[in-house]
Amino acid sequence: QVQLVESGGGSVQPGDSLRLACATSGRTFSNYVSGWFRQAPGREREFVAAISWNGGNRLYADSVKGRFTISRVNAKNTGYLQMSSLNPEDTAVYYCGAKRLWRDLANPSEYEYWGQGTQVTISS
């Protein structure tokens, strides 16, 4: 089992930045691909970004490319999502997930473990 806990969400204004963290415990974090998804009210869970076991590979959704950066520090068993140039369309609950294989990264059903989510609200 891998337990994941997100933090760092909040309410900010358009153009601001936030950094989300995903703290893990249980099995070795470095054995898992780390991914971030988001879900707005009435919408399906949407892929945001994923990072490979050692951080050597990253994948981003087109909607966040150039604005968001995914990273991880395996020694701290923690993943991160740095978000900048935020706009109201980024408002959602953000979830981190973990999976073993580097494939089907945008499919939430492929992820084995999930955190409880953290709310991000962008409004003026």
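In this chain, residues are counted from 1 in sequence order. Since the model is a prediction, treat every value here as computed from it, not as a measurement.
- Using a 4.5 Å heavy-atom threshold, the side chains of Glu46 and Phe37 count as separate.
- A donor and an acceptor atom, one from each side chain of Thr121 and Gln119, are located under 3.5 Å apart.
- The cluster map of Ile, Leu, Val, Met, Phe, Trp and Tyr, joined by side-chain heavy atoms under 4.5 Å apart, puts Val120 and Val64 in the same cluster.
- Val5 and Phe29 fall into different hydrophobic clusters, where Ile, Leu, Val, Met, Phe, Trp and Tyr are joined by side-chain heavy atoms under 4.5 Å apart, directly or via other members.
- Considering every non-hydrogen atom in both Trp36 and Cys22, the closest pair reads CZ2-CB, 3.6 Å.
- Side-chain contact annotation: Tyr80 with Arg72, donor-acceptor N/O pair under 3.5 Å absent.
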Would you sort out whether Tyr32 and Arg27 count as a side-chain contact (heavy atoms from CB on, under 4.5 Å), showing the intermediate values? CA-CA 9 Å; Tyr32 292 85; Arg27 294 188 176 179; 3.6 Å; yes
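- Using a distance-only test at 3.5 Å, with no hydrogens or angles considered, no donor-acceptor pair links the side chain of Ser85 to the main chain of Gly15.
- Glu6 places a side-chain N or O within donor-acceptor distance of the main-chain N or O of Gly117, the cut-off being under 3.5 Å.
- Atom OG of Ser17 and atom CD of Gln82 lie 6.0 Å apart (nearest 0.5 Å).
- Of all heavy-atom pairs spanning Tyr111 and Leu105, the tightest one is OH-O, 2.8 Å.
- With values rounded to the nearest 0.5 angstrom, Asn77 atom CG is found 11.5 Å from Ser34 atom OG.
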Evaluate the side-chain contact (heavy atoms from CB on, under 4.5 Å) criterion for residues Thr24 and Gln3: first the C-alpha distance (whole Å), next the side-chain angles of each, then the deciding distance (0.1 Å), finally the verdict. CA-CA 5 Å; Thr24 72; Gln3 292 78 43; over 6 Å; no
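- Here CD1 of Ile122 is found 7.5 Å from CG of Asp16. Values are rounded to the nearest 0.5 Å.
- Rounded to the nearest 0.5 Å, atoms CG (Asn54) and OG (Ser30) are 9.5 Å apart.
- Side-chain contact between Ser123 and Pro88: absent, with no pair of heavy atoms (C-beta onward) separated by less than 4.5 Å.
- The line from OG of Ser25 to CD of Gln1 is 10.5 Å long, rounded to the nearest 0.5 Å.
- Contact check for Met83 versus Leu20: side-chain heavy atoms found under the 4.5 Å cut-off.
- Panel note: side chain Asp90, backbone Asn87; a donor-acceptor pair is recorded below 3.5 Å.
- Judged purely by atom type and a 3.5 angstrom limit, Arg58 uses its side chain to pair as donor or acceptor with the backbone of Ile70.
- When atom types are taken as modelled, the side chain of Thr78 and the backbone of Ala23 share no donor-acceptor pair closer than 3.5 angstrom.
- With Tyr60 contributing its side chain and Arg67 its backbone, the two residues share no donor-acceptor pair below 3.5 Å.
- The shortest distance between side-chain heavy atoms of Tyr113 and Cys96 does not fall below 4.5 Å.
- Using a 4.5 Å cut-off on side-chain heavy atoms (C-beta onward), Val33 and Arg103 make no contact.
- Of the inter-residue distances, the one linking Glu110 atom CD with Asp104 atom CG reads 4.5 Å to the nearest 0.5 angstrom.
- Only one option out of Ile51, Leu18, Val48 pairs with Leu81 in a side chain to side chain contact (heavy atoms under 4.5 Å, CB included); it is Val48.
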I would like to know whether Trp114 and Leu4 meet side-chain contact (heavy atoms from CB on, under 4.5 Å); could you show each step before the answer? CA-CA 6 Å; Trp114 290 99; Leu4 302 95; 5.7 Å; no
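- Judged purely by atom type and a 3.5 angstrom limit, Asn74 uses its side chain to pair as donor or acceptor with the backbone of Trp53.
- A 4.5 Å side-chain heavy-atom check between Tyr95 and Arg38 finds every atom pair outside the cut-off.
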